[in-house]
Amino acid sequence: MTIYEGRLRLQVVVRDNNVDQALRALKKKLQREGVFREMKLRNYYEKPSEKKARQKAEAVRRARKLARKRAQREGGLPAPAAAARPARP
């Protein structure tokens with residue numbers, strides 16, 4: 001991935017003519033970069049007040065998630081059910 005004229009340039013290598021695998025890799029990279037989310041947000045006009053409220057709500061959500069993860073690491077909260085797996089026999 002290289003920055004080219006202020007934009008990110010993604011590169012996916014197609015190995016052994018396996019286009020399906022390359023497409024999956026491309027989609028994963030686009031998802032990670034937030035391209036799909038950006039496209040969804042640009043589909044319609046968002047008033048500045050709505051944008052500000054959305055960004056504030058997202059920041060609160062991120063802060064809560066970070067605090068929850070920090071508490072789990074320090075032992076204040078139990079691990080989520082998906083992460084707590086029983087030991088193998």
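Any value given below was found using the heavy atoms of this structure, including those in side chains, with hydrogens, waters and symmetry copies removed.
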Practice item. Kindly compute the distance separating CD (E50) from OH (Y44), expressed to the nearest 0.5 Å. Key: 7.5 Å

Practice item. Would you please test R62 and K65 for side-chain contact (heavy atoms from CB on, under 4.5 Å) and show each step? Key: CA-CA 5 Å; R62 278 193 309 271; K65 184 176 181 179; 5.7 Å; no

With a 3.5 Å cut-off and sequence neighbours excluded, list the donor-acceptor pairs that the side chains of residues 12-27 form with protein atoms.
from: N18; atom 1: OD1; to: Q21; atom 2: N; distance (Å): 3.3
from: N18; atom 1: ND2; to: Q21; atom 2: OE1; distance (Å): 3.2

Study note, to complete from the structure: Between the CE atom in M39 and the CG atom in L30, the distance rounded to the nearest 0.5 Å is 8.5 Å

Practice item. Assess whether salt bridge (Lys or Arg N to Asp or Glu O under 4.0 Å) is satisfied between E74 and R70, documenting all intermediate values. Key: CA-CA 6 Å; E74 294 172 358; R70 191 177 297 133; 5.3 Å; no

Check your understanding: Could you state the interatomic distance from NZ (K28) to CD (Q31), rounded to the nearest 0.5 Å?
Key -> 11.0 Å

Study note, to complete from the structure: For R54, the salt bridge (charged side-chain N to carboxylate O under 4.0 Å, His left out) test, sequence neighbours excluded, returns E46, E58

Review point. Hey, does K51 have a side-chain heavy atom less than 4.5 Å from the side chain of Q55?
Key: yes

